[in-house]
Amino acid sequence: MPKALITGITGQDGSYLAEFLLARGYEVIGMVRRTSTINFDRIRDFQDRIEIVQGDLLDQVSLINILQEHRPNEVYNLAAQSFVPTSFQQPVLTGEFTALGVTRVLDAIRIVDPQIHFYQASSSEMFGKVHEVPQRETTPFHPRSPYGVAKVYGHWITINYRESYNLFACSGILFNHESPRRGLEFVTHKITHAVARIKLGLADELRLGNLEARRDWGYAPDYVHAMWLMLQHDRPDDYVVATGETHSVREFCQVAFDYVGLDWEKHVIVDPKFHRPAEVDLLVGDPSKAGRILHWEPTVTFQQLVRIMVDADLTALQQTGNHSPHVG
Ligand code: NAP
Ligand code: G4F
């Protein structure tokens, strides 16, 4: 039975990846950091089928011990401080988790078992102020946030360990991917949750920042499949994972409000509080390398994604009367 370690298993992607690997007969070890209140909402449904271990990206010894004790064949490093606005408020901590944390995991692998296949969760935020449209594996990086800068470090240290120590280390440059399990602070879920609340008469307005920003939004379960494919290939490499389509925040609002028969312009208010010190205006990826080499392609369209998220929020609110953000 293959064994995989997932850092960040309590996050959106970690929870979908764990389910994906369990369905393929993997033994799944999930690393969680110690918190005073346990938050396993996203993994509750299959928690009894995985092994939870305590560790932290800030603590090198905890990573070495976990690898020594559990001897995984694959390590998926999904843990990070992943919210861009927080990275402006806590730039040093973001660097510790999201940049140096990658080196700590890679070094633990190098020390304990260099045969482990390693996946690093890199991001389209690295392209930032884009130098090319669409963005591909060879597009130069120009990050626009401390988060983006930290991810560039994580990407290059992954390549460096591959080249220096011959590790099977892959970097997936994933464009935005969403689902009902997305954190409520990210714009897609913020919108669909507000749409559901407004539709049910629980709220009346939605305050957003930059409506003109454009993103290449895909469906998270499709994207964890791409992570796994990278580690099954016969040689390690880096891949863009995206849909190849871009839409603005404004369009996302239009489609989501339209779906429940509401006029978005009557409810959305632009609030400068949500503007960022520097913005990423346009992201659209070229996933052709992943298609050609890994035979990966997205299965959910933009319209379907919006509907999946609105439906999940409506159902959760109707069932509980109180939103349970991470279930679904
Ligand atoms: P997420 O929902 O924010 O989950 C992040 C996970 O990291 C959580 O499980 C969190 O644990 C854990 N974590 C944070 N700091 C940690 C630390 N010091 N030690 C151990 N665990 C820690 O993120 P996501 O959307 O699933 O994204 C997964 C990864 O892909 C992240 O690295 C993100 O930057 C990257 N990425 C995401 C996207 C996207 O569109 N979703 C696109 C490109 C790249 P707690 O539950 O304790 O907070
Ligand atoms: O949903 P967002 O916060 O995602 P962002 O910044 O693109 O980052 C996400 O995707 C990255 C991949 O490119 C990941 F690496 C990262 O970890 C994260 O998962 O914001 C999307 C856009 C931005 O341009 C933002 O300015 O939406 C705009 N926006 C407009 N109003 C808003 C809001 N974003 C948020 N979060 N909240 C708003 O009210």
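In this text the structure is predicted, and so the values were computed from the model without any measurement. Atoms within each ligand, like the ligands themselves, are counted from 1 in listed order.
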Under 4.0 Å, counting heavy atoms only: does [X] come that close to any atom of ligand 1?
{"X": "N176", "value": "yes"}
{"X": "K151", "value": "yes"}
{"X": "L78", "value": "yes"}
{"X": "E96", "value": "no"}
{"X": "S122", "value": "yes"}

Check the angle between the aromatic planes of [X] and [Y] and answer parallel, tilted or perpendicular using the 30° and 60° thresholds.
{"X": "F83", "Y": "F186", "answer": "perpendicular"}
{"X": "Y119", "Y": "Y76", "answer": "tilted"}
{"X": "W296", "Y": "Y223", "answer": "perpendicular"}

Counting only nitrogen or oxygen atoms and a 3.5 angstrom limit, does [X] reach ligand 1?
{"X": "Q81", "result": "no"}
{"X": "L174", "result": "no"}
{"X": "R42", "result": "no"}
{"X": "S123", "result": "no"}
{"X": "S124", "result": "no"}
{"X": "D56", "result": "yes"}
{"X": "F186", "result": "no"}
{"X": "Y147", "result": "yes"}
{"X": "L57", "result": "yes"}

Between [X] and [Y], is any side-chain donor less than 3.5 angstrom from a side-chain acceptor?
{"X": "Y259", "Y": "D311", "value": "yes"}
{"X": "Q232", "Y": "E74", "value": "yes"}
{"X": "E178", "Y": "T188", "value": "yes"}
{"X": "S62", "Y": "D56", "value": "no"}

Short list, please: which atoms of ligand 1 are under 4.0 Å from a heavy atom of [X]?
{"X": "T10", "value": "8 (C), 9 (O), 11 (O), 45 (P), 46 (O)"}
{"X": "S82", "value": "1 (P), 3 (O), 23 (O), 33 (C), 34 (O)"}
{"X": "M31", "value": "20 (C)"}
{"X": "G8", "value": "6 (C), 7 (O), 9 (O), 12 (C)"}
{"X": "F97", "value": "15 (N), 18 (N)"}

Find all atoms of ligand 2 within a distance of less than 4.0 Å from any non-hydrogen atom belonging to [X], and give their numbers and elements.
{"X": "F83", "result": "3 (O), 36 (N)"}
{"X": "S123", "result": "11 (C), 12 (C), 13 (O), 14 (C), 15 (F)"}
{"X": "S82", "result": "16 (C), 17 (O), 18 (C)"}
{"X": "G209", "result": "30 (C), 31 (N), 33 (C), 39 (O)"}
{"X": "A213", "result": "24 (O)"}
{"X": "S124", "result": "12 (C), 13 (O)"}

Which one holds for [X] and ligand 2: side chain close, backbone close, both close, or neither close, with close meaning a heavy atom under 4.0 Å?
{"X": "R182", "result": "side chain"}
{"X": "L208", "result": "both"}
{"X": "K151", "result": "neither"}
{"X": "V84", "result": "side chain"}
{"X": "F274", "result": "side chain"}
{"X": "L283", "result": "side chain"}
{"X": "E279", "result": "side chain"}

Identify whether the distance between the nearest side-chain nitrogen and carboxylate oxygen of [X] and [Y] falls below 4.0 Å.
{"X": "D107", "Y": "R104", "result": "no"}
{"X": "R49", "Y": "E19", "result": "no"}
{"X": "R250", "Y": "E212", "result": "yes"}
{"X": "R215", "Y": "E251", "result": "no"}

| query | How far apart are the C-alpha atoms of Y26 and F20, what are their side-chain angles, what is the distance that settles it, and do they pass the ring pair (Phe, Tyr, Trp, His ring centres under 6.0 Å) test? | reply | CA-CA 9 Å; Y26 275 70; F20 177 93; 8.2 Å; no
Identity and distance of the protein heavy atom lying nearest [atom]:
{"atom": "atom 38 (C) of ligand 1", "value": "H177 CE1, 3.2 Å"}
{"atom": "atom 20 (O) of ligand 2", "value": "R276 NH2, 3.3 Å"}
{"atom": "atom 23 (C) of ligand 2", "value": "R215 NH2, 3.4 Å"}
{"atom": "atom 4 (O) of ligand 2", "value": "N176 ND2, 3.7 Å"}

Got an N/O contact under 3.5 Å between [X] and ligand 2?
{"X": "T188", "value": "no"}
{"X": "K190", "value": "yes"}
{"X": "V187", "value": "yes"}

| note | If you compare A79, G30, A80, A150 by their heavy atoms, the one closest to atom 14 (C) of ligand 1 turns out to be A80
| task | Compare F127, Y147, F186 and give the one whose heavy atom is closest to atom 14 (C) of ligand 2. | result | Y147
| request: Determine which pairs satisfy side chain to side chain donor-acceptor pair (under 3.5 Å) with at least one residue from residues 270-280, sequence neighbours left out, and list them in order. | output: R207-D271, N210-E279
| query | Among N77, D238, T158, whose side-chain hydrogen bond (donor to acceptor under 3.5 Å, both in side chains) with Q120 holds? | reply | N77
| query | When clusters are formed from ILVMFWY side-chain contacts under 4.5 Å, directly or step by step, what else is grouped with V102? | reply | L5, I29, M31, V53, L57, L63, I64, I66, L67, V75, L100, V105, L106, I109, I111, V112, I116, F118, Y153, I157, Y161, Y165, L167
